[in-house]
*Asks:* 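Next up is a structure, given as structure tokens.
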Amino acid sequence: MRQIAIYGKGGIGKSTIASNLSAALHAMGHTVMQVGCDPKRDSTRILAEGKFIPAVLEEHRKQLRLGKDEYAINLDNVVFRSPSGIYLVEAGGPEPGIGCAGRGVLTALQILKDLKAFSTYNINVAIYDVLGDVVCGGFSMPIREGFAEEIYLICSGGFTSIYAANNIARAVQRLAKRGDTGLAGIICNSNANETVEHAVIPDFAKKLGTPFVQFVPQSPVIQACELEGRPVVWSTPPIHWKRKYFGTLQKR
Ligand code: ADP
Ligand code: MG
């Protein structure tokens, strides 16, 4: 199973990129599962016709209230099959004011593993969409536990996004013990300051010793598609968007 993780600062475009990669891989014939690991739980929305799907932690809490454990969870209640056939999961978050978001991600991924979610649905590509503002134990768990093997960092030319990407890169270098786990590259999701981005981001990738994989321009088409609840790779024109996303996958 190919295991891809998308990390980056909140709002940088992780879910948009993860969803387009999922849609592109699905179109290439793969059985894809996208796992949102952000308490915002909106990772998979554009693949679910604009709807929010139930979250693993919510379902887990429901079972705990009934005095049951995670094995009482029905997989079909937490793994949503999108109309196009992509499997979608949202880890969810803790109840506001109680608990820790990172710890929640850890619990949700453990539940998926224990319930054998990947083999049950014959998944051959898993994409984890992980919040990376804070690289605490919970948010780095997909790396540490070997869930994430091919790790992409998303940033723009904005300082805070590069700062977050740099912190994540350090966590990856520290935690990726297995030989097949590591940084797969940097994807620049433009915040419209293209001159700066072209000057700075490839150099940043070089300093981290990782490939600069793709440049995704800022585009109103992405937001229009988001409002319609679908990824850009499903829109008919403009074709060059599809190439951008398929290109990301080919440059492994
Ligand atoms: P994250 O998952 O990192 O928090 P999102 O993928 O939800 O970020 O993106 C945040 C917002 O930015 C969304 O409204 C999305 O449509 C928009 N967005 C993402 N990438 C682009 C882009 N390349 N051009 C224009 N808007 C974008
Ligand atoms: Mg997101």
Side-chain angles (χ1 to χ4, degrees), residues 4-24 33-53 55-57 80 86 88-93 101-102 104-105 108-109 127-135 138-139 142 148 151-168 186-198 201 212-235 237-248:
I4 298 171
I6 309 287
Y7 273 84
K9 174 187 179 301
I12 196 64
K14 294 179 297 298
S15 301
T16 308
I17 287 175
S19 301
N20 277 286
L21 290 181
S22 290
M33 182 181 278
Q34 181 168 322
V35 184
C37 303
D38 183 330
K40 253 195 305 175
R41 57 174 288 215
D42 62 347
S43 170
T44 58
R45 205 182 62 85
I46 60 170
L47 295 174
E49 297 182 319
K51 297 189 188 85
F52 285 91
I53 64 165
V56 178
L57 291 177
F80 180 87
I86 302 172
L88 309 175
V89 174
E90 290 288 348
V105 167
L109 292 187
I127 299 194
Y128 301 92
D129 170 7
V130 196
L131 181 68
D133 295 71
V134 188
V135 205
F139 289 113
I151 301 159
Y152 293 97
L153 306 181
I154 318 289
C155 66
S156 68
F159 175 77
T160 52
S161 77
I162 297 174
Y163 179 77
N166 191 48
N167 279 339
I168 299 157
I186 304 280
I187 298 171
C188 178
N189 195 36
S190 179
N191 69 357
N193 197 350
E194 294 200 8
T195 317
V196 170
E197 284 159 344
H198 283 298
I201 309 298
F212 176 55
V213 183
Q214 192 58 264
F215 183 88
V216 181
Q218 188 175 66
S219 163
V221 182
I222 291 187
Q223 280 166 20
C225 284
E226 185 184 37
L227 287 173
E228 290 166 14
R230 63 190 164 90
V232 169
V233 292
W234 288 345
S235 71
I239 298 301
H240 71 277
W241 282 107
K242 295 186 186 182
R243 289 214 199 99
K244 286 267 176 229
Y245 286 106
F246 283 101
T248 304

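Note that ligands are numbered from 1 as they come in the structure, with each ligand's atoms numbered from 1 the same way. For reference, positions follow the sequence shown, starting with 1. Model, not experiment: these values are computed from the prediction.
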*Asks:* Is there a polar contact, in the sense of an N or O pair closer than 3.5 Å, between Asp38 and ligand 1?
*Replies:*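 No, there is no polar N/O contact under 3.5 Å.
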*Asks:* If you measure from CD1 on Ile186 to CZ on Phe212, what distance do you get to the nearest 0.5 Å?
*Replies:*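 CZ of Phe212 is found 8.5 Å from CD1 of Ile186.
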*Asks:* When rounded to the nearest 0.5 angstrom, what is the spacing between OG in Ser161 and CG in Asn191?
*Replies:*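 The OG atom of Ser161 sits 7.0 Å away from the CG atom of Asn191.
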*Asks:* Consider every N or O of Asn189 and every N or O of ligand 1, then say whether any pair is closer than 3.5 Å.
*Replies:*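 Yes, since at least one N or O of Asn189 sits under 3.5 Å from an N or O of ligand 1.
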*Asks:* Given side chains that start at C-beta, do those of Phe215 and Glu194 come closer than 4.5 Å, heavy atoms only?
*Replies:*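 Sidechains of Glu194 and Phe215: in contact.
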*Asks:* According to side-chain hydrogen bond (donor to acceptor under 3.5 Å, both in side chains), who are the partners of Arg45, at least two apart in sequence or on a separate chain?
*Replies:*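 side-chain hydrogen bond (donor to acceptor under 3.5 Å, both in side chains) list for Arg45, sorted by chain: empty.
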*Asks:* Is there a heavy atom in Ser190 that sits closer than 4.0 Å to ligand 1?
*Replies:*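 Contact absent.
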*Asks:* What residues, two or more places apart in sequence or in another chain, satisfy side-chain hydrogen bond (donor to acceptor under 3.5 Å, both in side chains) together with Glu228?
*Replies:*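 So Glu228 forms a side-chain hydrogen bond (donor to acceptor under 3.5 Å, both in side chains) with Arg230.
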*Asks:* Under 2.8 Å from the Mg ion (ligand 2), which protein N, O or S atoms are there? Could you list them by chain and number?
*Replies:*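 Sorted hits: Ser15 OG.
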*Asks:* Check each heavy atom of Glu226 against ligand 1 and say whether those closer than 4.0 Å belong to the side chain, the backbone, both or neither.
*Replies:*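 The answer is the side chain.
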*Asks:* Of the non-hydrogen atoms in Ile201 and Ser156, which two are nearest, and what is the gap between them?
*Replies:*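 The pair with the smallest heavy-atom distance is CD1-O, 3.3 Å.
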*Asks:* How does Lys40 reach ligand 1, if at all, at less than 4.0 Å between non-hydrogen atoms: by side chain, backbone, both, or neither?
*Replies:*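 The part of Lys40 near ligand 1 is the side chain, not the backbone.
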*Asks:* Purely on distance, is any nitrogen or oxygen of Gly13 under 3.5 Å from one on ligand 1?
*Replies:*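 Yes, at least one N or O pair falls under 3.5 Å.
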*Asks:* Who passes side-chain hydrogen bond (donor to acceptor under 3.5 Å, both in side chains) against Ser43, sequence neighbours left out?
*Replies:*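 Per chain and number, Ser43 pairs via side-chain hydrogen bond (donor to acceptor under 3.5 Å, both in side chains) with Gln34, Asp129.
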*Asks:* Polar contacts were defined as any N/O atom of the residue lying under 3.5 Å from an N/O atom of the ligand; does this apply to Ile12 and ligand 1?
*Replies:*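 It does: an N or O of Ile12 is found under 3.5 Å from an N or O of ligand 1.
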*Asks:* Any chance you could measure Ser22, atom OG, to Leu88, atom CG, to the nearest 0.5 Å?
*Replies:*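 Here the interatomic distance stands at 7.5 Å.
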*Asks:* Given that the side chain starts at C-beta and the backbone is N, CA, C, O, which of these parts of Pro217 lies under 4.0 Å from ligand 1, counting heavy atoms, or is it both or neither?
*Replies:*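 For Pro217, the contact with ligand 1 is made by the backbone alone.
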*Asks:* Nearest 0.5 Å, what's the CD1-OG distance between Ile222 and Ser19?
*Replies:*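 Here the interatomic distance stands at 11.0 Å.
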